[in-house]
Amino acid sequence: MMNRMKNRGSISNPGISRETLSIHEEEIVLILDEMEKGFRVDASNLKDQKNLYDEKLLDLQKATEKNLGKRLRLNSSKELGELLFDQLNLPALRKTQKYCDSVSISVLERLLELYGTSYLFLGPLIEFKRIQPISKAIKTVFKKLGPDSRIHPEFNPFGCPTGRIYSYIQNLPREVRTCLIPDNEANVFIELDWSQQELRILAALSGEPVFLDCFSKGEDLHKRVISEMFHKPISEVTPEERRLGKTINFGLLYGQEAYGLAWNLNIPIDKARGLIDQYFSALTFIKGFKEESAERFWKEGFAETAFGRRTRLNLESGNTDKEIRRGFNHQIQGTGADLLRFTLVSLNEGLNRKMARLKFIAHDAVYLEALKESAPEIGEHAKAVMEIDFKGVHLPVTTKIHPDFSMGEAPS
DNA sequence: CGTGAATGCGCC
DNA sequence: AAATGGCGCATTCACG
């Protein structure tokens with residue numbers, strides 16, 4: 001334990017507000033330690049799954065190469081790029097960060113849409129790229145299996161400037177998480193999830209009346225936004241329109257602009273521009289908050305969460321747009337991270353560890369492990385702790401009880 | 001052969 | 001010129 005405390009070190013990011021964080025710093029470290037006990041793994045299930053996926057992958061590779069008429073190293077972005085853009089002369093739709101032609105799944109999907117009938121190998125290739133990460137993730141789990149047959153997350157509380165706490169277990173594909181199971185047969189996992197945490201934080205920080213009204217009435221935010229943009233009743237918002245609303249709402253959190261929205265929705269950039277205009281015309285406080293934030297960043301040189309966690313912004317040189325986006329996101333994502341930290345401490349104090357154990361965290365979710373019989377009651381208790389008002393905005397929590405770690409929602 | 005950059009995927 | 005925030009991991013590739 002002492003070793004661990006030492007290894008954690010102290011706050012390494014000079015931009016972080018020490019006053020705020022030091023309140024719970026040591027307790028957080030102890031809680032993370034506890035959670036690093038990690039998960040028991042259903043290894044035989046995992047092995048079976050891997051075999052199935054590997055079989056599929058082999059077939060898909062064969063199908064790809066058969067349709068292509070030659071061998072291909074599906075893993076090599078370089079080789080794939082040369083094939084698509086040099087040999088087959090397909091259009092390069094996106095650049096990578098280093099200005100190469102991207103061959104990511106999203107690019108391949110567009111190519112499939114455009115040229116799928118002439119290039120049959122695209123289908124199995126995409127499928128391959130989809131499935132391969134699952135097999136890889138399983139391999140990683142096996143690699144990380146300790147002598148105790150468990151996998152242990154390694155939480156780094158100070159790694160990320162926004163304050164988020166990361167672990168590789170957070171990004172295991174859902175299919176793999178099914179094989180992470182409670183410590184014994186009598187136990188279950190309790191998942192506690194803030195719904196739309198970041199959008200609610202944005203509502204509070206911006207004071208946007210549409211958001212506030214929507215949340216207080218318990219309406220669907222994505223539909224409501226469309227209703228405001230297109231001046232139509234919520235009941236007439238189509239599912240496709242709702243998806244559009246969702247895309248814009250989440251893009252907003254990351255500072256997405258017309259170019260990105262156009263790519264996401266597969267629409268012309270003018271149209272994306274129009275949609276963003278409509279969005280900000282309907283949600284003037286959001287627009288104001290964005291503008292006010294940027295001005296403040298320029299003046300102060302840092303962005304700050306609602307609880308004072310700071311990140312410095314480099315606005316003297318380089319990509320200042322990116323820095324402004326980062327700052328804007330920091331306010332929201334970082335505030336969410338603060339809330340999770342506070343919650344963690346409260347839960348830890350309130351839980352009877354004999355009955356329930358803090359098991360895992362994932363940014364806007366907390367997982368407990370408890371006896372099956374006591375799970376509903378413990379879930380209620382934890383929900384009450386987490387369900388707070390933030391600057392007058394209620395943060396509702398959904399509770400789910402699982403026999404394994406395959407939590408999460410179906411994509412909607 | 002190890003290392004680090006670059007890419008692309010996973011999750012929130 | 002870039003164009004969506006945060007991270008961890010595996011793989012490829014260039015280099016010493």
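Chain letters run A, B, ... following the sequence lines, proteins first, then strands; residues in each count from 1.
- Between dT7(B) and Ser102(A), no contact under 4.0 Å exists linking OP1 or OP2 to a side-chain N or O.
- Note on Ala362(A): only backbone sugar-phosphate atoms sit closer than 4.0 angstrom, heavy atoms only; bases stay farther off.
- Distance check, rounded to the nearest 0.5 Å: CD1 of Ile105(A) to CZ of Arg110(A) gives 13.0 Å.
- dA5(B) and dA3(C) have their C1' atoms separated by 23 Å, given to the nearest Å.
- Figure legend: cation-pi geometry between Arg200(A) and Trp194(A) absent, as NZ or CZ is not positioned both under 6.0 Å from the six-membered ring centre and within 45° of its axis.
- The side-chain tip of Lys95(A) points at the ring of Tyr99(A) from less than 6.0 angstrom away and within 45° of straight on.
- Contact annotation: Arg94(A) does not reach the phosphate of dA2(C) (side-chain N/O to OP1 or OP2, under 4.0 Å).
- The distance from atom CG of Asn329(A) to atom P of dC7(C) is 10 Å, rounded to the nearest whole Å.
- When both distances must be under 3.5 Å, the Watson-Crick or G-U wobble mate of dA2(C) does not exist.
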- [ ] Between protein and nucleotides 9-16 of chain C, map the contacts as a letter string: B base, S sugar-phosphate only, - none, heavy atoms under 4.0 Å, written 5' to 3'.
- [x] SSSSSS--

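- Proximity note for Asn319(A) (side chain, C-beta onward) versus dG6(C), dA2(C), dC12(B): the nearest is dA2(C).
- Remark: Lys223(A) NZ is loosely packed, at most 12 non-hydrogen atoms of other residues, nucleotides or ligands lying under 6.0 Å away.
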For residues 269-289 of chain A, run the donor-acceptor check on the side chains, cut-off 3.5 Å, and write out each pair with its distance to 0.1 Å, sequence neighbours left out.
unit_1, atom_1, unit_2, atom_2, d
Tyr279(A), OH, Asn249(A), OD1, 2.7
Ser281(A), OG, Asp277(A), O, 2.7

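- Comparing Gln97(A) and Gln170(A) against DNA chain C, the residue whose closest nucleotide sits nearer the 5' end is Gln97(A).
- Listed candidates were dA2(C), dG6(C), dT7(B). Nearest to the side chain of Cys160(A) is dG6(C).
- Straight-line distance from the CD atom of Glu154(A) to the P atom of dC7(C): 17 Å, rounded to whole Å.
- Base contact: Arg164(A) has a heavy atom under 4.0 Å from a base atom.
- dC11(B) atom C1' lies 11 Å from atom CZ of Phe405(A), rounded to whole Å.
- In this structure, Phe307(A) has its ring center under 6.0 Å from that of Phe342(A).
- Distance check on atom P: dA1(C) versus dC9(B) gives 26 Å, rounded to whole Å.
- The aromatic ring centres of Phe189(A) and Phe39(A) sit less than 6.0 Å apart.
- One can find a donor-acceptor pair under 3.5 Å joining the base of dG5(C) and the side-chain atoms of Gln333(A).
- Classification of Arg130(A) and Glu109(A) as a salt-bridged pair holds, one side-chain N sitting under 4.0 Å from a carboxylate O.
- Contacts of Ile134(A) with the nucleic acid, taken as non-hydrogen atoms under 4.0 Å apart, are absent.
- Taking atom CD1 on Ile201(A) and atom P on dC12(B), their separation rounds to 17 Å, with Å as the unit.
- Phosphate contact (OP1/OP2 of dG5(C), side-chain N/O of Arg325(A), threshold under 4.0 Å): present.
- Rounded to an integer number of Å, the gap from Gln197(A) CD to dG5(C) C1' is 14 Å.
- Remark: Glu257(A) engages Arg325(A) in a salt bridge, criterion side-chain N to carboxylate O under 4.0 Å.
- Dashed line: the shortest gap from a side-chain N or O of Arg309(A) to OP1 or OP2 of dG6(C) is not under 4.0 Å.
- Atom NZ of Lys246(A) and atom C1' of dT4(C) are 16 Å apart (whole Å).
- With rounding to whole Å, Leu80(A) atom CG is found 9 Å from dG8(B) atom P.
- dG8(B) and dT4(C) are spaced 16 Å apart, taking the C1' atom of each and rounding to whole Å.
- Taking atom NZ of residue Lys322(A) and atom P of nucleotide dA2(C), one finds them 11 Å apart after rounding to whole Å.
- For Lys144(A) and Tyr168(A), the positive end sits near the middle of the six-membered ring, less than 6.0 Å away and at most 45° from its axis.
- The residues Asp183(A) and Arg357(A) are annotated as salt-bridged, a charged nitrogen and a carboxylate oxygen being separated by less than 4.0 angstrom.
- Contact check of residues 251-285 of chain A against DNA chain C (heavy atom, cut-off under 4.0 Å) returns Tyr254(A), Gly255(A), Gln256(A), Glu257(A), Tyr259(A), Gly260(A), Asn264(A).
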